Amino acid sequence: MIVFGGSSSVGLAWDVSKDIGAQLGKNEVKRFPDGEIYVKINSEVKNQDCAVIQSVRSSDNLVELFLFLDALKDQGAREVAAVMPYMAYSRQDKVFTKGEALSAKTILKLVDELSSRVVTVNTHFMRGHGDGVYHKIRFRNLDAIPSLISYLKVRMSDPTVIAPDEGSLGMAKYAAELLGCDFDHIKKKRISGEEVRIETKSLNVRNKDVLILDDIISTGNTIAKVADFVGEWRPKTISVACIHALFTNGMDMFKGKIDRLIATNTVESSVSKVNVGPLIAKELREVLR
Ligand code: R5P
């Protein structure tokens with residue numbers, strides 16, 4: 001197998017290729033003066049199984065992934081796996097108002113069309129892991145929650161898990177099972193992409209090590225509001241963990257509100273403490289078998 005790293009996942013692709021003892025693909029990614037993306041494959045891929053690892057944070061990352069996948073097929077690669085550790089557009093996974101484009105389906109469908117296998121990590125539209133089918137599209141969703149929890153387990157003595165909204169309740173329950181502790185959730189009402197409102201309720205977290213767990217931190221407004229609310233119930237510490245850390249408004253908003261902030265490296269940031277490389281390597285090793 002040859003593992004290629006798109007420009008948003010160069011480090012991760014390097015890790016994965018070393019882990020499975022596969023060749024790291026050679027390629028070039030450039031931009032034309034008008035901003036268009038240029039991709040060139042410099043490795044011989046004919047009759048080889050290939051994987052492209054590319055976290056999709058932006059539309060440009062997506063176009064780059066499309067170009068990689070199609071170029072590999074054009075050059076005679078046998079199987080081409082598309083690995084999207086983070087898949088943007090995944091939060092519009094339902095038609096909430098008639099007429100809306102279902103972006104999660106559209107993106108998944110296009111990537112599936114250009115590849116032999118689609119791999120994601122805790123993607124927003126699948127509240128579970130393993131083999132998934134979403135709008136008849138098959139994909140494989142890897143699970144980084146156990147790795148996040150192993151990192152945290154040794155750092156919290158009396159934990160309890162809080163889901164910031166009802167959508168994250170299943171994940172909180174699962175994390176609580178791994179930690180052997182209780183869990184609860186908060187009710188969040190989203191007013192707009194930037195604004196959320198928290199509904200009050202009583203929380204039993206006094207002197208506990210609270211873990212607020214979400215799949216994605218985007219603007220950070222959900223976590224900032226939830227941390228303020230949890231703080232009123234006098235926990236001992238507040239840790240925040242997520243799979244995909246986008247931090248579109250930076251991390252300063254969490255200062256003084258929480259004791260610990262960690263994420264995986266599906267999106268690289270200064271708080272990427274948990275490496276999803278071994279998970280992806282394990283998956284690709286199975287493809288190789
Ligand atoms: C939403 O359903 C997700 O699970 C997260 O709660 C959401 O993406 C957080 O967004 P933000 O950081 O912008 O409040």
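For reference, positions follow the sequence shown, starting with 1. Whatever order the structure lists ligands and atoms in, that order sets their numbers, starting from 1. No experiment lies behind these values; they were computed from the predicted model shown.
Proximity of Thr219 to ligand 1, defined as any heavy-atom pair under 4.0 Å, is shared by backbone and side chain alike. The side chain of Asp165, and not its backbone, has at least one atom closer than 4.0 Å to an atom of ligand 1 (non-hydrogen atoms only; side chain from C-beta on). Under 4.0 angstrom from ligand 1, the non-hydrogen atoms of Arg190 all belong to its side chain.
In terms of protein heavy-atom proximity, atom 9 (C) of ligand 1 is nearest to Ile216 O, 3.5 Å. The nearest protein atom to atom 6 (O) of ligand 1, hydrogens excluded, is given as Asp214 OD2, 2.6 Å; this is a heavy-atom distance.
In this structure, the side chains of Leu211 and Met156 come closer than 4.5 Å at one or more pairs of heavy atoms. Considering only heavy atoms from C-beta on, Leu169 comes within 4.5 Å of Phe183 through its side chain.
Within the structure, the closest approach of Val196 to ligand 1 does not fall below 4.0 Å when heavy atoms are considered. Using a 4.0 angstrom heavy-atom cutoff, Lys188 counts as in contact with ligand 1.
Interface of Arg91 with ligand 1, defined as ligand atoms under 4.0 Å from a residue heavy atom, comprises 7 (C), 8 (O), 10 (O). Each of the atoms 1 (C), 2 (O), 3 (C), 4 (O) of ligand 1 lies under 4.0 Å from some heavy atom of His124. Every atom of ligand 1 is numbered from 1 in the order shown, and the set under 4.0 Å from a heavy atom of Ile217 is 12 (O). Atoms of ligand 1 found under 4.0 Å from any heavy atom of Thr222, numbered from 1 in the order shown, are 9 (C), 10 (O), 11 (P), 14 (O).
Aromatic ring pairs are classed by plane angle as parallel below 30°, tilted from 30° to 60° and perpendicular above 60°; the pair Tyr134 and Phe125 is parallel. The aromatic rings of Phe32 and Tyr38 sit perpendicular, their planes meeting at an angle over 60°, well past the 30° parallel limit.
Under the side chain to side chain donor-acceptor pair (under 3.5 Å) criterion, Asp184 pairs with Lys201, not counting sequence neighbours. In this view, Phe96 satisfies the ring pair (Phe, Tyr, Trp, His ring centres under 6.0 Å) rule with no residue, not counting sequence neighbours.
Cation-pi geometry between Arg155 and Tyr151 is met: the NZ or CZ atom falls under 6.0 Å from the ring centre, inside 45° of the normal.
Contact check on Lys173 versus Glu177 returns a salt bridge, with a Lys/Arg side-chain nitrogen under 4.0 Å from an Asp/Glu carboxylate oxygen.
At least one N/O-N/O distance between Asp215 and ligand 1 falls below 3.5 Å. The shortest N/O to N/O separation between Gly220 and ligand 1 falls below 3.5 Å.
For the pairing with Tyr86, the side chain to side chain contact (heavy atoms under 4.5 Å, CB included) check across Ile243, Ile216, Asn265 returns one residue only, Ile216.
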